[in-house]
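I have placed the structure first, in the form of structure tokens, so that the comments after it can refer back to it.
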Amino acid sequence: MSPLADEIRGYIVTQFLDGEDTADLTAEFDLIDNGVVDSLGVVRIVSHLSRAYSIPIDDIPLTPDNFRSIGAISAFVEDASKTTV
């Protein structure tokens, strides 16, 4: 995983999976279908991304596909960072 994906993975582990086995948590692991993240969890991730990566919260679309996996979240942050620079 990239450093960005590693940071996002660390956030998800700390906030949603603390103390659980995270061996299956790959970049493509479906966070929503597997019950790791629900709608409130998406809001928490959005808040984190806004703070950590200086992405205006109004520029973060709450589309589930953007938050389905660590890979999707990383791709979203990379795209948003290019746009806001």
Side-chain angles (χ1 to χ4, degrees):
M1 277 192 234
S2 70
L4 174 61
D6 286 340
E7 188 282 326
I8 292 168
R9 183 183 191 280
Y11 174 79
I12 290 170
V13 168
T14 302
Q15 296 298 311
F16 302 100
L17 298 170
D18 194 29
E20 295 186 34
D21 181 15
T22 60
D24 292 339
L25 190 58
T26 64
E28 300 310 315
F29 182 84
D30 195 311
L31 301 168
I32 295 172
D33 284 349
N34 288 297
V36 174
V37 176
D38 58 12
S39 58
L40 182 58
V42 169
V43 172
R44 289 172 55 194
I45 292 171
V46 165
S47 178
H48 171 71
L49 297 178
S50 178
R51 283 190 320 271
Y53 302 104
S54 301
I55 302 169
I57 207 153
D58 292 338
D59 291 349
I60 301 176
L62 294 177
T63 307
D65 287 341
N66 287 338
F67 304 97
R68 192 160 295 282
S69 68
I70 293 170
I73 297 168
S74 298
F76 168 76
V77 170
E78 287 172 357
D79 288 344
S81 296
K82 290 175 191 172
T83 305
T84 58
V85 170

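Just so we're clear, the structure is a prediction, and the values are computed from it rather than from any experiment.
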Any residue meeting side chain to side chain contact (heavy atoms under 4.5 Å, CB included) with A5, in chain and number order, not counting sequence neighbours: M1, S2, I70, S74
What about L49 and L62, same hydrophobic cluster or not, with Ile/Leu/Val/Met/Phe/Trp/Tyr joined at side-chain heavy-atom distances under 4.5 Å? yes
Are L40 and I45 connected, step by step, through hydrophobic side chains (Ile, Leu, Val, Met, Phe, Trp, Tyr) whose heavy atoms are closer than 4.5 Å? no
Hey, does I12 have a side-chain heavy atom less than 4.5 Å from the side chain of T22? no
Please list all pairs passing the salt bridge (charged side-chain N to carboxylate O under 4.0 Å, His left out) test where one or both residues lie in residues 46-55, with sequence neighbours left out. none
I60 side chain near F67 side chain, heavy-atom distance below 4.5 Å: yes
Residue list, ring-ring contact (aromatic ring centres under 6.0 Å, His included) with F29, at least two apart or on another chain: none
In Å and rounded to the nearest 0.5 Å, what is the CD1 to OG distance from I57 to S50? 4.5 Å
Report the C-alpha separation of D38 and I32 in whole Å, then their side-chain angles, then the decisive distance to 0.1 Å, and conclude whether the side-chain contact (heavy atoms from CB on, under 4.5 Å) test is met. CA-CA 6 Å; D38 58 12; I32 295 172; over 6 Å; no
Under 3.5 Å: donor-acceptor pair, side chain of N34, backbone of V36: no
Pairwise side-chain hydrogen bond (donor to acceptor under 3.5 Å, both in side chains) hits with a residue in residues 60-71, at least two apart: D30-R68, D33-R68, D65-R68
Taking the side chain from R9 and the backbone from T26, do they hold a donor-acceptor pair closer than 3.5 Å? no
Distance-only polar pair, side chains of E78 and Y53, donor-acceptor under 3.5 Å: no
Can you give me every donor-acceptor pair (side chain of residues 13-21, partner residue at least two apart or in another chain, under 3.5 Å) with its distance?
unit_1 : atom_1 : unit_2 : atom_2 : d
T14    : OG1    : G10    : O      : 2.9
Q15    : OE1    : R44    : NH2    : 2.9
D21    : OD1    : A23    : N      : 3.1

